[in-house]
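Accompanying notes for the structure given below.
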Number of protein chains: 2
Amino acid sequence: MTIIQSLARGLEILDLLAEAEQGMGIGEFATHLNVDKSSASRLLQTLASYGYAEQDADTRRYTLGPRIVTLSNRVLNRMPLRDHAHPFLRRLTRETGECSHLAILSQGKALYIDQVESPSILRVETEIGTMSPLHCTALGKVLLAFNRHAQVDAMPVFTPRTITDLEALKLHIDQVRRQGYATDDEEHVPGVRCIAAPVHGFNGRVVGAIGISGPAGRVSYEKLPELTEKVITLAEELSRRLGSAR
Amino acid sequence: MTIIQSLARGLEILDLLAEAEQGMGIGEFATHLNVDKSSASRLLQTLASYGYAEQDADTRRYTLGPRIVTLSNRVLNRMPLRDHAHPFLRRLTRETGECSHLAILSQGKALYIDQVESPSILRVETEIGTMSPLHCTALGKVLLAFNRHAQVDAMPVFTPRTITDLEALKLHIDQVRRQGYATDDEEHVPGVRCIAAPVHGFNGRVVGAIGISGPAGRVSYEKLPELTEKVITLAEELSRRLGSAR
DNA sequence: AACGATGTTGCATAATATGCAACACTCAAT
DNA sequence: ATTGAGTGTTGCATATTATGCAACATCGTT
């Protein structure tokens, strides 16, 4: 496995730009990459010439360019699941009042490929493109339980409630498999609870997970059964829509 | 202006992947880039290690990876305009029955940053991330007319109705400026008509364009005045929402 | 105008990306 | 099961290019 260093540096620059809302100057890149200013400048020029970066004429700082957006929607538009699922996401948010999400397994994580936000002021802030760990999120656990390609190789701690023992997780995932849904009980983000259920494709295989997330105050233990019922029902309807025999 | 060749090759690979829905094999990359298979393999491995490409375990072909989606939504989420405008896009589609779009000026083109699709089966297929030429699209003409940074350097022909003379375009844009909206009368895509109007920000500057597109049969000359009125009204409401004095 | 900060460009050379060849893997045909 | 073709990966010598340095250009502040 060989890494082409110059390409890697360019991609690292994109990672830096993803975190730099106000853009970055050449000197900052040079420092982060541990290269000379001149090298940083040439890398940025290359990225800019292909549309991946943009230099603000006034501040001379660089920001992410539009080419990324074009490519991203190529990726997303290649997923028919998204189009089928979106009306169900809207229904789920309408019926529960919480944010709803659709995720698929990607690179060992749960990739959020669509969502509908809650109308409530207090809500969980996530975005499409988020890649969540599998072991401590409801969507992730569903993928672990129902997608044979899903596996965890690390189980970082996010909260005191995060499951960090592999045997404990296996038992938990077995239970998810039996009950047909998963919950995240403040295991990833303190104060946030999630519920998710699997989405089956036409051959019965699990092609994704659909679920809701909300503040623990609203997604309370008393409300869990009712909300869970809604998530499961919508997931099954969507699965049937996709042609699943289930 | 120096181009870092290895980085450029990696970005060219991303461009190839954007067009290759079923992915591509290493040999195809090598041919397109005019490099040896081994070089192509190393470039792809680098892209894959950063999440920009993925290799399908079964076919061994490479496709675009999820990292692109994550970055894309960073770009889009940095535009408050999108959040403000989305309800107006929905209203516009509801009131006209056509697809509605929101675009900004980016790299000399109109970058579509949001849209709401028409419920009709027959509709215009565009996607977020599309970068349209300015001289022959309604959104683009609005940007040309109202954004002082917008200019055209080339005027490629798309249809027999495309304006290809610079003087003619200048007159046309002057008219757009006077009337406060623009139309695309089958100038970009045969059989497609569009209407767009400017969106003004809090300092009165034009921060984007909002409009609709539909088949010429539905966006007929008889319907144009009524549809135009709706677009202008919504654009002005959105502008007021953004704090514009207009 | 002078100065400091920042981005850009030319040039010699240090470093790395390349092509070649061998190898590993997969699949289809016999 | 074996063979051959097709495809992706990896080691190595060296051809090529990316690098750092220094000079320059640009911009904003005093």
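These values consider heavy atoms only, across backbone and side chains, with no hydrogens, waters or symmetry-generated copies. On a predicted model such as this, the values are computed, not experimentally measured, just so you know. Letters go in sequence order (proteins before strands), and every chain restarts at 1.
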Q: To the nearest Å, give me how far apart CD1 (B:I26) and C1' (C:dC23) are.
A: 16 Å
Q. Whole-Å distance between C:dT6 C1' and A:D56 CG?
A. 14 Å
Q) Roughly how far apart are A:K109 NZ and A:L111 CG, rounded to 0.5 Å? A) 11.5 Å
Q: Using the closest heavy atom to pick a nucleotide of DNA chain C for each, name whichever of A:R60 or B:S39 lands nearer the 5' end.
A: A:R60
(Q) Taking any heavy-atom pair under 4.0 Å as a contact, classify A:Y62: base, sugar-phosphate, or nothing. (A) sugar-phosphate
Q) OP1 or OP2 of C:dT9 less than 4.0 angstrom from a side-chain nitrogen or oxygen of A:Q45, does that happen here? A) yes
Q) Under 4.0 Å: is that the gap between some side-chain N or O of B:T2 and OP1 or OP2 of D:dA18? A) no
Q. A:I4 CD1 to C:dT16 C1': how many Å, rounded?
A. 8 Å
Q. For the side chain of A:R42, counting heavy atoms from C-beta on, which of D:dG8, D:dA18, C:dT9 is nearest?
A. C:dT9
Q.
Rounded to whole Å, please give me the gap between NZ in A:K37 and P in C:dA5.
A. 11 Å
Q.
Under 4.0 Å from OP1 or OP2 of D:dT17: is there any side-chain N or O of A:Q5 that close?
A. no
Q: On DNA chain C, check which nucleotide each of A:L7 and A:D36 is closest to and give me the residue with the more 5' one.
A: A:D36
Q.
Taking any heavy-atom pair under 4.0 Å as a contact, classify A:R9: base, sugar-phosphate, or nothing.
A. sugar-phosphate
Q | Per A:S38 side chain, nearest of listed nucleotides D:dA18, D:dA22, D:dC27 | A | D:dA22
Q: Assign each of A:D58 and B:R61 to its nearest nucleotide of DNA chain D by heavy atoms, then name whichever residue's nucleotide is nearer the 5' end.
A: B:R61
(Q) Rounded at 0.5 Å granularity, tell me how far CZ in A:R42 sits from CD1 in B:I3. (A) 11.5 Å
Q: Would you kindly give the CZ-to-P distance between A:F29 and D:dA18, to the nearest whole Å?
A: 19 Å
Q. Can you check whether A:I128 reaches A:Q115 side chain to side chain, under 4.5 Å on heavy atoms?
A. yes
Q: Say whether B:E127 and A:N77, considering side chains only, have a donor N or O and an acceptor N or O under 3.5 Å apart.
A: yes
Q: Rounded off to whole Å, could you give me the CD-to-P distance for the B:E12 and C:dA17 pair?
A: 16 Å
Q: Check the distance between C:dG7's C1' and A:E28's CD and give it to me in whole angstrom.
A: 13 Å
Q: Measure the shortest side-chain to side-chain distance between A:E167 and A:L171 over non-hydrogen atoms and say whether it is less than 4.5 angstrom.
A: no
Q) Starting at CD1 of A:I3 and ending at C1' of D:dT10, how long is that distance when rounded to a whole Å? A) 14 Å
